Amino acid sequence: MQVFHHIASLREALAEARAAGRSVGFVPTMGNLHDAHIELVKTARQHCDLVVVSIFVNRLQFGLNEDWDKYPRTMERDMARLREVDCDFLFHPDESEIYPNGMDQQTRVVCPAMTDVLCGASRPGHFEGVTTVVTKLFNIVQPDKAVFGIKDFQQLAVVRRMVEDLCIPVEIVGAPVHREPDGLAMSSRNSYISARERPRVAVLNQCLNWARDEIAGGRRDFPALEDEARQRIEQSGFRVDYFSICNSRDLQPAADDDHQITILGAMYTSAARLIDNVSLEL
Ligand code: PAF
């Protein structure tokens, strides 16, 4: 695996690979890699000849009171994991490489659709930080395909919309949610979950599955379903951020006659904010 810290040298190596006819798959990450990231890398490998992974903890997408400074940086372990799955190129830039003019005056990419609801409602500015850095990374790597986890369903939907709106020539591939045996969706932030809370956090996934089964069984009283799920999560000792039954395409509240539904949930443990989702077709 070749490691690049600078845009120029990465571009040079990518130009050589492209000249040799190799297609480029890209997996953007913030590091602290776990099995779900490794699955994204494997998916990129299935689709493309050469795989680029980026590790960059993007301060622009963190709120002032969020965990940018304590976000786990585990470079040595991450590099070992990437070598095991034959990642070709790792791009690990410094903040000054990505934001050479600082962040205050950085040109931003704003996607107005779907970014002020769900996670966007409780994390103002988050998606603007994501769409800005993802656009920059796409411009740097110019991948044929880029792989994102379906676990961050809203992020995936926003990135797809941005790529469509801005005519960015990349195919976005969504990779399935990877779960622990009890159903907890794998996430870098799971390391914040306390041992005391860990046996109970699967309640989020259990409630999503329960709501999915109720809808598949014919229920359409979505607000009541959402309330029941919220109560169950709260009874397990967690504060609910949202539990919402949405139209999968635009993330608006689902209508009775919608055929593609995604149920999204977010809850707070004492030190982590966990998100998850399930989708169903009717
Ligand atoms: O999903 C993530 O890890 C980040 O939001 C991403 C896409 C790498 C952008 O910083």
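Note that ligands are numbered from 1 as they come in the structure, with each ligand's atoms numbered from 1 the same way. Only a predicted model underlies this, so the values are computations on that prediction, with no experimental measurement involved.
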*Any luck finding a side-chain donor-acceptor pair between N58 and Q61 under 3.5 Å?*
yes
*asked:* Ring centroids only, cut at 6.0 angstrom: are Y268 and F238 within range, meaning strictly under it?
replied: no
*Report, in ascending order of atom number, the atoms of ligand 1 lying under 4.0 Å from any heavy atom of V133.*
9 (C), 10 (O)
*pair I275-K151: side-chain heavy atoms closer than 4.5 Å*: yes
*Heavy-atom nearest neighbour in the protein, as seen from atom 5 (O) of ligand 1, with distance rounded to 0.1 Å*: Q155 OE1, 2.7 Å
*Checking K70 against Y192: charged group under 6.0 Å from the ring centre and within 45 degrees of the axis?*
yes
_Ligand-side contact atoms (ligand 1) for residue partner Q61, heavy atom cut-off under 4.0 Å_ = 4 (C), 5 (O), 9 (C), 10 (O)
*What are the atoms of ligand 1, with element, lying closer than 4.0 Å to any heavy atom of P28?*
8 (C)
*Specify side chain, backbone, both or neither for T29, according to which of its non-hydrogen atoms lie closer than 4.0 Å to ligand 1.*
backbone
*Determine which pairs satisfy side-chain hydrogen bond (donor to acceptor under 3.5 Å, both in side chains) with at least one residue from residues 4-18, sequence neighbours left out, and list them in order.*
H6-E97
*Of the protein's non-hydrogen atoms, which lies at the shortest distance from atom 3 (O) of ligand 1, and what is that distance?*
M30 CG, 3.6 Å
_Qualifying side-chain hydrogen bond (donor to acceptor under 3.5 Å, both in side chains) pairs, either residue in residues 153-164, two or more places apart_ = R161-D165
*asked:* When you compare ligand 1 with D152, is there at least one nitrogen or oxygen pair between them that comes in under 3.5 angstrom?
replied: no
